[in-house]
Amino acid sequence: MTHPVRVRFAPSPTGDPHVGNIRTAVFTWLFARHHGGAFVVRVEDTDRARSVQGAVEAILQSLRWLGLNWDEGPDIGGPFAPYVQSQRLDLYRQAAHDLIGSGDAYKCYCSPQRLADLRQRQTRQNRDTGYDRRCRDLDAPPMPEDASQTPVVRFRMPQDGSTAVDDLIRGRVTFENRLAEDFVLLKSDGYPTYHLANVVDDHSMRISHVLRAEEWLPSTPRHTHIYKALGWTPPKFAHLPIILAQDRSKLSKRHGAASFLEYPRQGYLPDAMLNFLTLLGWSLDDKTEILSRKELVHHFTIDRVNRSASIFNRDKLLWTNGSYLRSMTPEALADALLEYWRAYPTPQIPNTPRRGLLARIAPLIAERIKTLDQAAPLIHFFFRDEIDYETEDLIQKGMDRAVTCTALERTLELMTAAQPFDADTLEAALRPLAKELGLKPGQLFGSIRVAASGLRVAPPLFESLEILGRERALSSIGKAVERLRSPAVDSPPGR
RNA sequence: GGCCCCAUCGUCUAGAGGACUAGGACGGCGGCCUUUCAAGCCGCAAACACGGAUUCGAAUUCCGUUGGGGCCA
């Protein structure tokens with residue numbers, strides 16, 4: 001193999017990552033793994049004003065959670081370290097110097113003020129805005145009084161002809177050089193622009209394919225010209241479709257795009273998220289919706305990536321997550337819940353449940369939750385001695401207090417006698433009771449459900465009672481009977 | 001505004017000239033099942049943006065329009 005696949009995910013640490021950022025990482029990672037190549041993480045922090053403390057860690061944490069492991073990166077180093085641009089400034093300055101030497105770049109002494117005036121004039125005269133190349137062919141630096149302190153370095157772009165970019169996803173895209181401006185390579189503070197740093201690093205890190213968001217497509221001609229001027233072979237480009245917010249605008253913090261880290265918190269599973277994110281802009285065929293991590297890696301190819309942007313569909317994410325949840329073994333679900341509560345403690349379940357007990361409960365809720373955070377409200381009664389509910393909730397539609405009280409008293413008797421205390425036995429004993437009392441099964445079972453769990457919507461009744469055990473079940477229902485016997489004490493009319 | 005990208009059900013998508021009465025999924029609606037809620041099963045509604053051209057034949061090719069998005073301002 002003459003060209004080993006090496007790809008990079010190159011985030012700017014300007015804030016918490018959102019799904020769009022991470023989906024780019026997903027496609028890049030999938031591409032690397034599919035081709036047995038290297039996945040590199042590089043931090044592009046040359047925009048000092050916009051860098052945010054802690055952003056790098058949030059990004060790495062997101063990748064880790066999703067299981068997107070990297071082979072080289074800021075934290076683990078690698079053969080082309082360092083992987084943080086602010087620590088590679090010498091490389092960029094050298095490249096800028098070389099470009100000046102070869103005549104492909106030049107120093108520009110124009111002050112920000114002049115540039116602003118220029119722009120204003122252009123706008124007023126209804127002409128295209130952009131740098132007028134005033135310093136392009138200077139023989140010597142201008143007099144100090146019309147020069148800004150430190151010059152910037154600009155790239156000398158061709159002024160006629162056109163530049164074609166061969167994109168793996170979009171095919172050949174052509175840009176008129178006439179419209180290209182002499183963009184800045186090195187800012188006056190000595191920091192490189194994205195364009196310079198990106199090209200220098202992709203080359204020096206032997207990046208074979210640049211997978212990046214579509215928004216970079218318009219600046220790609222600049223990059224190909226830098227490669228050419230430096231005598232380097234450019235990597236292959238693939239501009240990925242972007243993810244749009246519900247209102248079809250670009251995802252951004254301003255539009256309330258949540259931090260990606262909100263998803264782990266809300267109880268989504270990494271594999272489900274990976275599955276969902278991959279299917280946003282890529283598909284295997286006309287029917288496959290669920291693919292394991294392994295299958296994703298096996299099948300993922302660039303040529304099946306979509307060209308159009310897509311909207312993030314939360315309902316489908318929920319469904320995908322639910323599907324993964326339902327397919328887990330009881331033990332795996334118990335472990336996932338335990339891990340989730342450890343990371344995000346909930347007051348509803350103050351003490352860590354025993355794994356064995358949780359694994360018995362898991363099958364009862366697997367098909368009732370779509371995210372991990374929906375579990376606690378459904379099962380906290382298994383882990384608490386006191387349950388909380390309105391007495392009125394015990395009284396089902398078409399029943400009154402006295403009837404309910406009698407029903408629960410009789411339930412107590414039958415449950416005391418039940419042998420063994422398991423779901424089948426309980427159901428066999430209680431179903432006839434409903435008939436005997438002239439109640440619908442739903443009425444009787446509803447009352448028992450509230451008495452035992454405190455919930456109107458709960459996991460299946462008989463299985464729950466079995467897991468609760470005779471002692472606790474009798475205790476809870478006994479308390480319910482007591483409540484019903486003392487009508488004056490609670491349930492004031494006003495509510 | 002200039003440049004670039006994109007365009008199939010509300011959303012994610014299949015479709016690469018005849019296999020399309022346009023398939024699947026989420027969501028919606030209806031039904032079945034049912035002790036609640038789910039899950040499951042069955043069914044229904046729902047799309048090729050528009051106009052030209054090429055062709056015996058176009059969702060699929062080309063051009064234009066419109067719309068959406070991105071980049072630069």
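Chain letters run A, B, ... following the sequence lines, proteins first and then strands; every chain starts at 1.
Base pairing annotation: A22(B) forms no Watson-Crick or G-U wobble pair, as no partner gives both donor-acceptor distances under 3.5 Å. With a 3.5 Å ceiling on both atom-pair distances, U36(B) lacks any Watson-Crick or G-U wobble partner. Judged by Watson-Crick or G-U wobble contacts below 3.5 Å, the nucleotide C71(B) has G2(B) as its partner. Figure legend. C41(B) is base-paired to G31(B); pairs are counted as Watson-Crick or G-U wobble with both atom distances under 3.5 Å. With a 3.5 Å ceiling on both atom-pair distances, G57(B) lacks any Watson-Crick or G-U wobble partner. The pairing partner recorded for A7(B) is U66(B), the criterion being a Watson-Crick or G-U wobble arrangement whose two distances lie under 3.5 angstrom.
Between the side chain of Arg470(A) and the backbone N or O of Thr416(A) there is at least one donor-acceptor pair closer than 3.5 Å. Within the 3.5 Å criterion, the main-chain N or O of Val152(A) finds no donor-acceptor partner in the side chain of Tyr109(A).
Atom CG in Asp167(A) sits about 13 Å away from atom C1' in C6(B), given to the nearest Å. The distance from atom CG of Leu280(A) to atom P of C26(B) is 16 Å, rounded to the nearest whole Å. As rounded to whole Å, 22 Å separates atom P of C5(B) from atom CD1 of Ile243(A). Rounded to a whole Å, the CG atom of Asp315(A) is 16 Å from the C1' atom of U13(B). Rounded to whole Å, atom P of C5(B) lies 12 Å from atom CZ of Arg307(A). Note: CD1 (Ile290(A)) to C1' (U13(B)) measures 14 Å, nearest angstrom. Atom CE in Met157(A) sits about 16 Å away from atom P in C3(B), given to the nearest Å. A straight line from CZ of Phe276(A) to C1' of G27(B) spans 13 Å, rounded to a whole angstrom.
For the pair Arg23(A) and Phe27(A), the cation-pi test (distance below 6.0 Å, angle within 45°) is passed. Because its NZ or CZ atom is not both nearer than 6.0 Å to the ring centre of Phe382(A) and within 45° of the ring axis, Arg360(A) does not count as a cation-pi partner of that residue.
Using a 4.0 Å heavy-atom distance criterion, Lys316(A) is classed as a base contact. Residue Asn313(A) is classed as a base contact, given a heavy-atom separation below 4.0 Å to a base. Using a 4.0 Å heavy-atom criterion, one finds that Gly281(A) contacts the sugar-phosphate atoms exclusively.
For the C1' atoms, the distance linking G70(B) with C32(B) amounts to 49 Å, nearest Å. Using C1' as the reference atom, A19(B) and U66(B) are 33 Å apart when rounded to the nearest Å. Distance check on atom P: A7(B) versus A45(B) gives 28 Å, rounded to whole Å. Atom C1' of U8(B) sits at a distance of 14 Å from the matching atom of A16(B), rounded to the whole Å. Nucleotides G27(B) and G2(B) are separated by 43 Å at their P atoms, to the nearest Å. Only the P atoms considered, C41(B) is 9 Å distant from C26(B), to the nearest whole Å. The C1' atoms of C72(B) and U55(B) are separated by 42 Å, rounded to the nearest whole Å. The separation of C71(B) from U21(B), taken at their C1' atoms, amounts to 43 Å, rounded to a whole angstrom.
Side-chain atoms of Lys294(A) and His298(A), non-hydrogen and from C-beta on, never get closer than 4.5 Å to each other. Between Leu269(A) and Leu372(A) there is a side-chain heavy-atom pair separated by less than 4.5 Å. At a threshold of 4.5 Å between non-hydrogen side-chain atoms, the residues Tyr227(A) and Asp202(A) count as touching.
When each of C6(B), C4(B), C12(B) is scored by its nearest atom to the side-chain atoms of Phe175(A), the top-ranked nucleotide is C4(B). Distances from the side chain of Ser308(A) to the nucleotides C6(B), U11(B), C5(B) place C6(B) closest. Of the candidates G23(B), G27(B), C6(B), C6(B) carries the atom nearest the Arg170(A) side chain, counting heavy atoms from C-beta on.
For the ring-ring contact (aromatic ring centres under 6.0 Å, His included) with His223(A), the lone residue among Phe183(A), Tyr194(A), Phe155(A) that qualifies is Tyr194(A). Checked against His239(A) for a side chain to side chain donor-acceptor pair (under 3.5 Å), the options Glu215(A), Glu214(A), Arg170(A), Arg212(A) give a single hit: Arg212(A). Each of Asn198(A), Thr28(A), Leu211(A) was evaluated against Arg8(A); a single residue qualifies, Asn198(A), per the side-chain contact (heavy atoms from CB on, under 4.5 Å) test.
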Letter by letter from the 5' end, nucleotides 68-73 of chain B scores (B base, S sugar-phosphate only, - none; protein heavy atoms under 4.0 Å) SSSS-S
Contact string for nucleotides 29-49 of chain B, one letter per nucleotide 5' to 3', B = base within protein heavy-atom range under 4.0 Å, S = sugar-phosphate only, - = neither, reads ------BBBBSS---------
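Residues Trp282(A) and Glu289(A) each lie close to RNA chain B; by heavy-atom proximity, the contact nearer the 5' end of the strand is made by Trp282(A).
For C12(B), neither phosphate oxygen OP1 nor OP2 lies less than 4.0 angstrom from any side-chain nitrogen or oxygen of Ser310(A). Contact annotation: Asn306(A) side-chain N/O to A14(B) OP1/OP2 distance is under 4.0 Å.
Minimum interatomic distance between Leu68(A) and Leu274(A) (heavy atoms only, all atoms of both residues): CD2-CD1, 3.8 Å.
Ring geometry for Phe312(A) versus Tyr263(A): interplanar angle of 30 to 60°, hence tilted.
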